[in-house]
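Please read the structure below before turning to the comments.
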Amino acid sequence: MAFVMAGGEGSRLRPLTADRCKPAVPFGSRYRIVDFVLTNLVNSDIRSIYLLVQYKPQSLIEHIRKAWTVSTLFSEQFVTVVPPQMTSERALFGGTSDAVYQSLNLMDMHRPDLVAVFGADHIYRMDVQQMVRFHRENDADISVAALPVPLEQASNFGIIETDTSGRITGFQEKPEQARPMPNDPQRAYASMGNYLFNADVLRATLENAHKDGATDFGHHVLPRLSQSHQVFAYDFATNEVPDTKPYEEKGYWRDVGTLDTYFEAHRDMLGLEPRFDLFNPQWPIFSSYYQGPTSWVTSGELDNVLLGAANIIRNAKIRNSILRREVMVEPGAQIEDCVIMDYVRIGRGAKLRHVIVDRHNVIPAGAEIGFDLARDREKYHVTEGGLVIVPLGDVRYYSREERRIGAGYSD
Ligand SMILES: Nc1ncnc2c1ncn2[C@@H]1O[C@H](COP(=O)(O)OP(=O)(O)O[C@H]2O[C@H](CO)[C@@H](O)[C@H](O)[C@H]2O)[C@@H](O)[C@H]1O
């Protein structure tokens, strides 16, 4: 069974996380960030999944209901959202290990020998059974999935030191000065925030942690465990997902922690030979079952564009961009290097460059966004990298009827 920790606030993704938690943030042409970890678990035959939520969970709950409701025929196959149980005297989850502590009773029903405790914030493919095999072969108590990261980014991660057998001898959460890997002075070995625990070790560890007031895996639990238990680093670079293309980045994994890295990860899906190719029938990425029609392009120029469903594009120019579903682009609009989320209408002649438009927005005719950042800053959020974010709009601005009327193609 698995606990997926999906309560993250994702404060550096604001305003995309102003109304939803990070795992619920839309990603790519039809996914939410959480779909990647859930897909990895389900494709790896780990299908009893509890999703632990905390910060602004409603959008995530709706998504799980629509996308991850599994047939009642298979009672051991489920994705269930678990709110804080308030079994401890703390009102809500204090941190990641406290979140799992509060749900330990769920293990009693399943009696697993091994429990996956995974984060929900990352874009990647992973065959978790290969990590399970590694864990068993090493007779580990705990395994931590790990990969090298550039030294200058190491302060964002839990940094691992191992001996030659892969056993973790030191763990420091987000150190200011991380030690590089012994054979690579430019990189440090980072935890991916995905753990396998022997069930009895997980229970005893979290009960002890709770007594001591420890609430977080990275800050409190793992540094101690690496001194007292057999904790192994599972090298993610060895993980093989079937049908990965030769042009894809080997071991692709992104912590889409900031708006700029989130946007970069979208670029990784574009092009003829994308770094991360979403088309892999051997490892389908699951998301909501949307029953609308396919997209409709009346005319215009499209170059390197990923289109979700039910978009209507009328005589517009779109380059290097991703449009999710039910987007309407009116004549004369120009869109370059953008992510346009669901239920957005781009008015006549509007020009957008290097912009993320969150759901339910109407961009007025003739608007220009992404060309004069000083002016954009007055209305929108602009990142250090010059990316403009148009925050979540109001669903009432743009009703279903209006969308249909706007679809008339007389012009
Ligand atoms: N109270 C709560 N209840 C439920 N879920 C919660 C939660 N608080 C956070 N989460 C979720 O837990 C996961 C870990 O999030 P954190 O913010 O605790 O750690 P961070 O991602 O910074 O580092 C972690 O992940 C990086 C890899 O990105 C590792 O290097 C590092 O050691 C590790 O601590 C995320 O999926 C998040 O959504």
Side-chain angles (χ1 to χ4, degrees), residues 2-13 16-17 20-25 27 32-38 40-41 49-57 59-61 81-88 90-104 106 116-124 126 142-150 153-161 168 170-175 178 187-195 206 209-210 214-226 231 233-234 236 253-258 261-262 265:
F3 288 117
V4 172
M5 302 171 288
E9 189 175 336
S11 51
R12 290 172 303 156
L13 279 184
L16 300 181
T17 47
R20 44 169 104 86
C21 54
K22 181 171 167 186
V25 170
F27 188 84
R32 303 278 181 144
I33 293 175
V34 71
D35 292 332
F36 291 85
V37 64
L38 294 179
N40 289 334
L41 291 165
I49 303 172
Y50 290 106
L51 204 63
L52 309 180
V53 300
Q54 180 183 40
Y55 171 80
K56 298 200 171 163
S59 167
L60 184 63
I61 291 170
V81 177
V82 185
Q85 299 298 297
M86 299 172 73
T87 47
S88 65
R90 290 184 198 96
L92 285 169
F93 293 147
T96 48
S97 67
D98 190 52
V100 178
Y101 169 77
Q102 291 198 34
S103 299
L104 277 180
L106 296 169
V117 179
F118 273 39
D121 287 359
H122 304 105
I123 308 299
Y124 64 119
M126 176 178 186
I142 301 120
S143 298
V144 180
L147 85 187
V149 295
Q153 292 171 21
S155 58
N156 297 322
F157 298 103
I159 298 303
I160 291 170
E161 284 174 50
I168 295 180
F171 187 101
Q172 260 192 304
E173 182 73 359
K174 303 184 182 134
R187 296 194 296 173
Y189 205 29
S191 157
M192 294 163 63
N194 290 347
Y195 321 117
L206 295 187
H210 179 71
T215 57
D216 188 72
F217 278 112
H219 282 105
H220 314 126
V221 174
L222 287 167
R224 286 195 212 165
L225 281 177
S226 60
V231 189
Y234 170 69
F236 181 60
W253 179 84
R254 292 292 186 274
D255 171 29
V256 285
T258 66
T261 55
Y262 170 84

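When a ligand or atom number is given, it counts from 1 through the structure's own listing order. Throughout, residue positions are numbered sequentially from 1 according to the sequence presented.
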Worksheet item: Is Ala120 near ligand 1, meaning one of its heavy atoms is under 4.0 Å from it?
Response: yes
Below 4.0 Å from any atom of ligand 1, is there a heavy atom belonging to Lys174? yes
*Determine yes or no for a side-chain-to-main-chain donor-acceptor pair under 3.5 angstrom, with His220 supplying the side chain and Asp216 the backbone.*
yes
Subject >> Nitrogen or oxygen atoms of Pro23 and ligand 1 under 3.5 Å apart >> reply: no
Per-atom filter on ligand 1: closer than 4.0 angstrom to a heavy atom of Ala99 are 3 (N), 4 (C)
Quick look: Ala6 vs ligand 1, heavy-atom contacts under 4.0 Å, and the answer is backbone
Counting from 1 in the order shown, the ligand 1 atoms closer than 4.0 Å to a non-hydrogen atom of Met192 are 27 (C)
*Ring geometry between Tyr262 and Phe27 (parallel below 30°, tilted from 30 to 60°, perpendicular above 60°)*: perpendicular
For Glu173, the atoms of ligand 1 under 4.0 Å from one of its heavy atoms are 23 (O), 31 (C), 32 (O), 33 (C), 34 (O)
Test your reading of the model: is there a side-chain donor-acceptor pair from Arg32 to the backbone of Ala24, 3.5 Å cut-off?
yes
Taking only non-hydrogen atoms of Gly158 and a 4.0 Å limit, the atoms of ligand 1 in range are 29 (C), 30 (O), 31 (C), 32 (O)
Can you tell me how the ring of Phe236 sits relative to the ring of Tyr124, calling it parallel under 30°, perpendicular over 60° and tilted otherwise? perpendicular
In Leu225, Ile142, Val231, the residue satisfying side-chain contact (heavy atoms from CB on, under 4.5 Å) with Ile168 is Val231
Please check if the side chain of Ser143 supplies one atom and the backbone of Ala233 the other of a donor-acceptor pair under 3.5 Å. no
Check: Where the side chain of Thr17 meets the backbone of Gly10, is there a donor-acceptor pair that is under 3.5 Å apart?
Finding: yes
d(Ile160 CD1, Met192 CE) to nearest 0.5 Å is 10.0 Å
For Gly8, the atoms of ligand 1 under 4.0 Å from one of its heavy atoms are 6 (C), 9 (C), 10 (N), 11 (C), 37 (C), 38 (O)
Original post:
Do side-chain atoms of Thr215 reach the backbone of Gly95 as a donor and acceptor pair under 3.5 angstrom?
Top reply: no
So the atoms of ligand 1 within less than 4.0 Å of a heavy atom of Leu52 turn out to be 4 (C), 5 (N)
For Gly119, the atoms of ligand 1 under 4.0 Å from one of its heavy atoms are 36 (O)
For Gln54, the ligand 1 atoms with a heavy-atom partner under 4.0 Å come out as 1 (N), 2 (C)
* Before signing off on this row, confirm whether Thr96 and ligand 1 have an N or O atom pair separated by under 3.5 Å. => no
Exercise. With a 4.0 Å cut-off on heavy atoms, does His122 reach ligand 1?
Worked result: yes
Distance-only N or O hit between ligand 1 and Phe157, under 3.5 Å:
no
Tell me whether Asp121 contacts the main-chain N or O of Lys22 through its side chain, where contact means a donor paired with an acceptor under 3.5 Å.
no
